[in-house]
Amino acid sequence: MYTLGINAAFHDSAACLVCDGRVLAAAEEERFTRIKHGKRPIPFSTYELPFHAIDYCLREAGISLADVDHVAYSFDPFILLGQRGGRETIALPLEPSAHPVPEGWESAWDPLFLSSIVNAPRHLSGGVPHHLEARLRGGRAGGYRWHFVEHHVAHAVSAFHVSPFSHAAVMTLDGRGERATTTYSLGDGTHLERLGQVELPHSLGLLYERVTEYLGFQHASDEYKVMALASFGQPRYRAEFREIIELAPGGRYLTHPPRLDERFGPARRRGQPLLQRHRDIARSLQEVLEETVLELARWLHGATGTEHLCVAGGVGLNCVVNARVRRDGPFREIWVQPAAGDAGTALGAALWIDAQERKTAARAFRMDHAYLGPAFPDAEIEALLRWTGLPYRRPGDLVEETADLLAQGKVVGWFQGRMEFGPRALGSRSILASPLRAEMQDRLNEIKGREEFRPVAPVVLEEEAGRWFAGAGVSPFMLFVYPVRAEVADRIPAVRHVDGTARIQTINRTQNPRYYDLIRAFAARTGVPVLINTSLNTHSEPIVCTPRDALACFFTSPLDALAIGSFLLEKSPLP
Ligand SMILES: [Fe+2]
């Protein structure tokens with residue numbers, strides 16, 4: 001039984017294909033359209049279905065839309081309309097007057113937005129782009145069944161159903177869904193029992209977005225910049241943010257209107273200098289967020305009595321919060337969905353409907369890695385290289401030669417195997433470099449056009465992680481920070497953030513043999529089983545998807561070499 005999951009409601013539109021509980025493929029639409037987060041200048045098209053990602057998922061499985069049994073869409077407009085139970089159609093146009101809009105919810109209750117979601121089934125069956133029409137028409141008699149899935153159910157399932165735990169507490173922390181912005185559940189097998197929720201307009205995610213915008217960054221995409229900036233600040237506005245976020249009993253909280261201009265002075269405009277005040281605001285917000293999430297986790301632990309916690313929702317990408325909950329919180333183990341943002345809801349929605357329709361409590365898939373996107377065979381890569389006429393070669397041992405380049409201080413694009421699902425490059429579409437010299441951080445930030453305060457993150461062999469990073473266990477998705485051990489800190493200065501931590505990726509050979517072997521080969525040359533790993537893209541571009549994207553990135557940035565499939569390209573210095 002095939003189930004196609006779709007996220008298209010807010011941003012990071014994505015698709016995922018599940019067959020009898022197994023995730024066959026998942027990808028974000030931005031990788032194909034090359035429009036980051038799927039955000040277009042015209043609001044309408046924000047809600048376009050992820051046609052290219054759907055097309056990819058079907059191709060990966062060798063099927064067409066006619067073979068799909070269920071389509072699971074990770075937003076249920078009927079919840080917002082006060083009618084539970086996702087019916088497939090609704091009369092248009094929507095009349096706001098017929099449905100009272102609660103105070104503070106105006107942004108959620110946009111008739112245009114709701115109409116586009118309600119119409120999604122029609123778009124998929126009739127409105128597909130002409131070049132994909134042949135594959136995407138639901139041609140079978142009866143076709144697939146369409147399901148609207150509550151946004152936070154999709155988030156929760158994306159974390160719980162693919163986690164190592166069959167019994168766990170599940171927390172979703174998000175900007176917003178239909179009504180909920182934070183939810184608590186108890187998961188058992190493939191069953192989720194909702195224990196409580198916080199609803200709009202109270203939202204930790206939306207507050208973080210507001211402050212991100214106030215600090216002169218792009219909301220709903222630059223939150224990680226605020227997180228990085230926080231390390232440079234002092235928490236002297238803690239009291240103000242404690243006023244804004246008010247904790248309440250029962251896992252609840254209120255977020256009061258932040259009135260940031262009034263409290264902290266005029267907002268920073270993009271491009272204006274970053275002042276200490278801005279760093280202090282970021283730090284204060286971050287600290288109060290950490291304390292708040294810690295409190296919520298404590299409540300959830302008390303309510304469930306379980307040792308395991310699963311987390312998803314955009315706030316789950318805040319690796320400093322995650323580390324704090326892991327370190328100071330009551331749960332023994334935490335698992336965070338790597339695509340914790342909205343893209344992951346495509347996966348969660350598909351797995352939810354799959355389990356419901358097959359009426360099974362058994363799991364068939366565990367997410368041990370995030371390599372769920374397209375791969376490109378050597379023949380296809382070489383055909384492209386030949387066509388371009390670029391000088392390339394097929395080394396006898398790509399891993400050894402790439403390790404030589406890295407040990408020489410070269411910056412290497414690494415394009416291998418299936419693309420990652422989620423916002424992090426994890427060794428399939430990565431830029432790799434040596435962490436041995438501090439200057440490498442500036443060089444990489446320059447290559448990628450990033451702010452100088454942003455850290456670069458390391459990948460480390462799983463079995464070596466604890467020797468280099470204090471308390472580090474298995475952390476394959478770059479979702480937790482750990483302190484760099486003092487005794488080795490001067491060996492890897494490029495990956496040590498100003499606060500002494502690093503957002504690590506651990507890797508074992510089962511997850512990605514060639515990547516693992518490369519780090520081992522680098523360690524054989526330098527004694528250091530650590531590389532810098534950052535995503536293969538340049539400023540404001542989505543991570544590369546195809547060999548063609550990789551070549552474009554290579555030639556429009558100061559990368560020294562590109563290891564693409566079994567081939568190696570190097571830039572030679574000008575005479
Ligand atoms: Fe979400």
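Note that ligands are numbered from 1 as they come in the structure, with each ligand's atoms numbered from 1 the same way. Counting begins at 1 with the first residue of the sequence.
The atom of D174 that is an N, O or S and sits closest to the Fe ion (ligand 1) is OD2. For the Fe ion (ligand 1), the nearest N, O or S atom contributed by D342 is named OD1.
Rounded to 10°, the angle formed at the Fe ion (ligand 1) by NE2 of H155 and NE2 of H151 is 90°.
Relative orientation of the W335 and F477 rings is perpendicular, given thresholds of 30° and 60° on the angle between their planes. Using cut-offs of 30° and 60° on the angle between ring planes, the pair Y144 and W146 is tilted. Between F75 and F10, the angle of the ring planes goes over 60°, which puts this pair in the perpendicular group of the 30/60° scheme.
Pairs of residues two or more places apart, or lying in two chains, that qualify as side-chain hydrogen bond (donor to acceptor under 3.5 Å, both in side chains) and include a residue from residues 162-171 are H167-D188.
For the Fe ion (ligand 1), the N/O/S atoms of H152 include none lying under 2.8 Å.
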